[in-house]
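See below for the structure under consideration.
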2 protein chains.
Amino acid sequence: MTASAAQTSPRKRTGNGAARRIDADEIGLDGLIGHAGYAVRRFQIWIFQDFIKTLREVDIRPTQYSVLTVIGANPGLSQMAVAKRLGIERARLVHLLDSLEERKLLKRVKSKSDRRSHALHLTAQGETALAGFKRLAAEHERHIEEKIGKANRERLLQILAGFT
Amino acid sequence: MTASAAQTSPRKRTGNGAARRIDADEIGLDGLIGHAGYAVRRFQIWIFQDFIKTLREVDIRPTQYSVLTVIGANPGLSQMAVAKRLGIERARLVHLLDSLEERKLLKRVKSKSDRRSHALHLTAQGETALAGFKRLAAEHERHIEEKIGKANRERLLQILAGFT
DNA sequence: TATTGTTATACTCTATAACTATA
DNA sequence: TATAGTTATAGAGTATAACAATA
């Protein structure tokens with residue numbers, strides 16, 4: 001990690017030293033270089049944008065995908081359990097589930113053992129749809145591989161395994 | 001950082017098999033494991049929370065820090081240039097600058113060469129304050145090292161260097 | 001015509017608090 | 001009492017569109 005991030009780009013000579021237009025790639029980041037948080041944030045934005053674009057045809061966003069995947073793998077989970085596992089506020093999960101339920105991808109079933117809670121299940125339609133979402137998500141992962149390299153993606157997953 | 005994040009927790013025996021309470025760390029993520037986006041997003045949330053906590057005493061958030069750092073390293077930048085460089089919407093930057101200007105950390109100076117634009121500068125007070133913010137930010141980076149290891153943090157920065 | 005800074009609107013997400021029905 | 005789900009609200013943050021001043 002060196003101190004300067006400035007990629008060289010052709011200097012524009014305008015004849016007016018003071019007013020020269022400065023391109024974004026000429027601007028130094030100074031202390032921001034070497035900040036893991038900044039790099040991770042920019043990378044995360046890139047990843048989400050690619051995910052959203054790749055799954056646009058099915059109108060599924062990253063959080064919706066994570067909710068469906070976890071319920072698919074653990075049928076009968078309560079809303080609290082899903083919220084805790086994914087780090088989503090339970091108040092926010094209510095709305096996420098509302099929209100997924102309206103789209104007939106999952107259903108809330110009254111729990112018999114604890115009548116306060118709902119058991120969450122994918123519908124048959126939801127199971128089928130999720131399989132399609134997963135194929136598109138795999139395509140998205142390949143985009144990441146193309147961007148940073150297969151080995152780097154693997155290494156990244158190893159480094160961050162503790163945060164899942 | 002091992003492959004499994006599950007901390008073992010005492011199983012709760014209720015005598016009611018069907019209704020047993022499921023702890024968050026018992027829930028499988030299925031397809032989410034192996035998704036770079038999910039791991040990166042969780043990591044990014046952890047980093048931002050630690051940054052906000054570490055710089056709470058000076059009331060500076062990650063985006064504010066990045067704006068001050070870039071202006072400090074490139075005095076006289078226009079709002080458009082800062083917005084482009086950091087990937088912030090120019091409409092959003094207006095409000096960010098408003099609050100930083102109210103706090104006397106920076107000032108907008110009318111550009112003489114292009115009277116549409118403002119040249120951004122730190123105030124003397126802003127320079128001094130930024131030095132303190134940088135010390136706290138460095139402390140935050142050490143937290144990351146403690147969390148994932150020094151070598152892994154370095155490797156991460158290398159992998160993501162292209163996104164800054 | 002195009003660009004800079006600004007204002008405004010809508011939608012996503014986070015963070016809380018409070019309410020209800022249960023436990 | 002405490003918990004699960006819900007509703008509501010406020011503040012970030014993102015995404016747009018439109019406007020005035022200026023290029």
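In what follows, chains are A, B, ... by sequence order, proteins preceding strands, each numbered from 1. Everything numeric here is computed off the predicted structure, so don't read it as measured data.
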(message) So that I know where these two stand, are B:F163 and A:F43 an aromatic pair - ring centroids less than 6.0 Å apart?
(response) yes
(message) Distance check needed: C:dT14 P versus B:I52 CD1, whole Å only.
(response) 12 Å
(request) Please report, rounded to the nearest Å, how far the C1' atom of D:dG5 is from the CG atom of A:L120. (result) 11 Å
(request) Round to the nearest Å and state the distance from B:M80 atom CE to D:dA23 atom P. (result) 16 Å
(message) Which residue in the set B:L136, B:V70, B:V58, B:I60 passes side-chain contact (heavy atoms from CB on, under 4.5 Å) when paired with B:Y65?
(response) B:I60
(message) Can you tell me which nucleotide in C:dT6, D:dT16, C:dT16 comes closest to the side chain of B:R108?
(response) C:dT6
(request) Compare side-chain N and O positions of B:R90 against OP1 and OP2 of C:dG5 and report whether any pair is under 4.0 Å apart. (result) no
(request) Consider the side chain of A:A91, meaning its heavy atoms from C-beta on, and name the nucleotide among C:dA15, D:dT14, C:dT16 that approaches it most closely. (result) C:dT16
(request) Check every atom of C:dT7, D:dA15, D:dT6 against the side chain of A:V94 and return the nucleotide holding the closest atom. (result) D:dT6
(request) Could you state the atom-to-atom distance from CD1 of B:I88 to C1' of D:dA12 in whole Å? (result) 13 Å
(message) Please confirm whether the ring centroid of A:H35 lies under 6.0 Å from the ring centroid of B:F51.
(response) no
(request) Rounded off to whole Å, could you give me the NZ-to-C1' distance for the B:K112 and D:dA21 pair? (result) 19 Å
(message) Judged by each residue's nearest nucleotide on DNA chain C, which is more toward the 5′ side, A:K110 or A:G87?
(response) A:G87
(request) Establish, with yes or no, whether the OP1 or OP2 oxygen of C:dC13 is under 4.0 angstrom from a side-chain nitrogen or oxygen of A:R61. (result) yes
(message) Nearest whole Å is fine: how far is D:dG13 C1' from B:F48 CZ?
(response) 11 Å
(message) Measuring from the side chain of B:R116 (C-beta onward, heavy atoms only), which nucleotide among D:dG13, C:dA15, D:dA21 has the closest atom?
(response) D:dA21
(request) Taking only Lys NZ, Arg NE, NH1 and NH2, and the carboxylate oxygens of Asp or Glu, determine whether A:R108 and A:D98 approach each other closer than 4.0 Å. (result) yes
(request) Have a look at A:R92 and say if it touches a base, only the backbone sugar-phosphate, or nothing, with a 4.0 Å heavy-atom cut-off. (result) base
(request) Provide, to the nearest angstrom, the distance between the CG atom belonging to B:L96 and the P atom belonging to D:dG11. (result) 16 Å
(message) Among B:L68, B:L100, B:T128, which residue satisfies the side-chain contact (heavy atoms from CB on, under 4.5 Å) criterion with B:L122?
(response) B:L68
(request) Record whether the side chain of B:R115 comes under 3.5 Å of the base of D:dT22 through a donor-acceptor pair of N or O atoms. (result) no
(request) Classify the nucleic acid contact of B:S78 as base, sugar-phosphate or nothing, counting any heavy atom under 4.0 Å across all strands shown. (result) sugar-phosphate
(message) Applying a 4.0 Å non-hydrogen cut-off, can you work out what A:Q79 is touching in the nucleic acid: base, sugar-phosphate, or nothing?
(response) sugar-phosphate
(message) So if I take every side-chain heavy atom of A:D114 and compare against C:dA23, C:dG5, D:dT14, which nucleotide ends up nearest?
(response) C:dA23
(request) Check the distance between C:dT4's P and B:L97's CG and give it to me in whole angstrom. (result) 15 Å
